[in-house]
Novice: 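I am attaching a structure below and will ask some questions about it afterwards.
Everything numeric here is computed off the predicted structure, so don't read it as measured data. Residue indices begin at 1 and follow the sequence shown.
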Amino acid sequence: MARRTPAGELRSPLLGLGSFAWGGERIELTQLVVPHHLLGESLTLRAEGDGAFSVFLEGRPLIRNGRVGEPAIADNGEVRVFVRELHARPGTEFELIRHSRMAAIRGLASRFQVSESARGSGMLRLTLEGPDAQANEQTLRSIHNAFVRQNVERKSMEAEKRIEFLDEQLPELRARSTRRRGVLTGSGKTTRPST
C-alpha cells in the first residue's frame, strides 16, 4: 500500500533502512561534471544534514563537505557538482549518473513520440513516457521551447535572405524604372489612370 507524504514533510524510514528515500525527498542538481571514464557510472550523493552532502564512487569518497548552493569539487578536480536544493534526512542516498550526450539523446528518443493531432491540421502531439510525470513535463516543455526557438531563428534567417536579395535587386529595378520613365517622357506619351 502506497503512503502519501504531505508537501514539505519527510517520511520516517521503515525497518531501519535510513539510506533509502521513503517519501518527500527532493534533490535538484544544476551541474554534474565527470571525466569521460566515469560517464554512465553510478555515483552516490549522501545527505549529511544541514545542507551538507558527500559524493562517493563505489564507496570511496570523491567530495566531502559539499554544501547546497555552492560548487563542490573533488580533490582531483575531475568531478564537479552543484546542488541547488536538497530536502532529505541525513543518511539518505541519491544515485547520480552522468550519461554521454549521445546516450542521453538515444535514451530520450526511445521514450519520445511525435504525431499529428488530426490529419492535415499541422498540430503536433508530443508524448514522453517515463516514471516521473513532472520531469517528463519539464523535458517536453524544453523540447517545445527549443523547437519554437529554432523555428523563429530559421524564419528570421529566411527573411534576412529575402531582404538581402531585394537589396541586391533594388538598384537594377530603379534603373529599369528610370529607363522606362525616360522612354515614356521622351516619346511624348502620357499615361492616365484607367477608369
Novice: Please step through side-chain contact (heavy atoms from CB on, under 4.5 Å) for the pair T127 and V114, ending with a clear verdict.
Specialist: CA-CA 6 Å; T127 307; V114 179; over 6 Å; no

Novice: Hey, is R154 close enough to E160 for a salt bridge, meaning N to O under 4.0 Å?
Specialist: no

Novice: Would you say the side chain of L128 lies within less than 4.5 Å of the side chain of L108, judging by non-hydrogen atoms?
Specialist: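 Yes, at least one pair of side-chain atoms sits under 4.5 Å.
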
Novice: Enter the distance from R106:CZ to M102:CE here, rounded to the nearest 0.5 Å.
Specialist: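 Here the interatomic distance stands at 6.0 Å.
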
Novice: Does CD in Q134 sit with more than 12 non-hydrogen atoms of other residues, nucleotides or ligands closer than 6.0 Å?
Specialist: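 No, the 6.0 Å shell around CD holds no more than 12 heavy atoms from other groups.
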
Novice: Within a radius of less than 6.0 Å around CD of Q138, do more than 12 heavy atoms belonging to other residues, nucleotides or ligands occur?
Specialist: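 No, not enclosed.
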
Novice: Taking L32's backbone N and O only, do any of them form a donor-acceptor pair with R98's side chain (distance below 3.5 Å, no angle check)?
Specialist: yes

Novice: Taking only Lys NZ, Arg NE, NH1 and NH2, and the carboxylate oxygens of Asp or Glu, determine whether E116 and R125 approach each other closer than 4.0 Å.
Specialist: no

Novice: Please confirm whether the backbone N or O of A135 pairs with a side-chain atom of T139, one donor and one acceptor, at under 3.5 Å?
Specialist: yes

Novice: List the steps and the verdict of salt bridge (charged side-chain N to carboxylate O under 4.0 Å, His left out) for R179 and E172.
Specialist: CA-CA 11 Å; R179 282 194 304 269; E172 176 61 30; 3.7 Å; yes

Novice: Please give me the minimum heavy-atom distance between H37 and E78, naming the atom from each residue.
Specialist: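 Smallest heavy-atom distance, with atoms named: CE1-OE1, 3.8 Å.
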
Novice: Quick one: does I97's side chain get under 4.5 Å of L43's, heavy atoms only?
Specialist: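 SC-SC contact between I97 and L43 ruled out.
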
Novice: Where is the tightest heavy-atom contact between T92 and A88, given as atom of each residue plus distance?
Specialist: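 Closest pair (atom of T92, atom of A88, distance): CB-CB, 3.9 Å.
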
Novice: Could you check whether any side-chain N or O of E28 sits under 3.5 Å from a backbone N or O of L86, counting only pairs where one atom can act as donor and the other as acceptor?
Specialist: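 Between the backbone of L86 and the side chain of E28 there is no qualifying donor-acceptor contact (under 3.5 Å).
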
Novice: For N145, does the CG atom have more than 12 heavy-atom neighbours from other residues, nucleotides or ligands under 6.0 Å away?
Specialist: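 Counting neighbours around CG of N145, more than 12 heavy atoms of other residues, nucleotides or ligands fall under 6.0 Å, so yes.
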
Novice: Run the numbers on S177 and R181 for side-chain hydrogen bond (donor to acceptor under 3.5 Å, both in side chains), then give the verdict.
Specialist: CA-CA 6 Å; S177 176; R181 270 192 239 126; 2.9 Å; yes

Novice: Tell me whether V148 shares a hydrophobic cluster with L140, the cluster being built from Ile, Leu, Val, Met, Phe, Trp, Tyr side chains joined at under 4.5 Å.
Specialist: no

Novice: Let me confirm one number: the CG-OG1 distance from L173 to T178, rounded to the nearest 0.5 Å.
Specialist: 10.5 Å

Novice: Working to the nearest 0.5 Å, report the span between CG of L29 and CZ of R84.
Specialist: 10.5 Å

Novice: Consider only side-chain heavy atoms of I, L, V, M, F, W and Y, link residues closer than 4.5 Å, and tell whether L96 and L39 are in one cluster.
Specialist: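 Same cluster.
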
Novice: Check for a donor-acceptor pair, side chain of R80 on one end and backbone N or O of V33 on the other, with a separation under 3.5 Å.
Specialist: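 No; judged by distance alone, with no hydrogens or angles, the pair does not exist.
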
Novice: Just how far is it from atom CZ of R141 to atom NE2 of H144, taken to the nearest 0.5 Å?
Specialist: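 NE2 of H144 is found 10.0 Å from CZ of R141.
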
Novice: Rounded to the nearest 0.5 Å, what separates atom CD in E70 from atom CZ in F82?
Specialist: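 The distance works out to 8.0 Å.
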
Novice: Are L45 and I73 connected in the hydrophobic side-chain network, where two residues link if heavy atoms are under 4.5 Å apart?
Specialist: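 L45 does not cluster with I73.
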
Novice: For residues 50-69, which side-chain N or O atoms pair as donor and acceptor with protein atoms under 3.5 Å away, sequence neighbours left out?
Specialist:
unit_1: S54; atom_1: OG; unit_2: E48; atom_2: OE2; d: 2.9
unit_1: R67; atom_1: NH1; unit_2: D50; atom_2: O; d: 3.0
unit_1: R67; atom_1: NH2; unit_2: D50; atom_2: O; d: 2.8

Novice: Is the shortest side-chain heavy-atom distance between I27 and V83 below 4.5 Å?
Specialist: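 I27 vs V83: side chains touch.
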
Novice: Which heavy-atom pair separates A47 from R89 by the least distance, and what is that distance?
Specialist: CB-O, 3.6 Å

Novice: Between CD of E164 and NZ of K161, what distance do you get to the nearest 0.5 Å?
Specialist: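 Spacing of CD (E164) from NZ (K161) equals 8.5 Å.
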
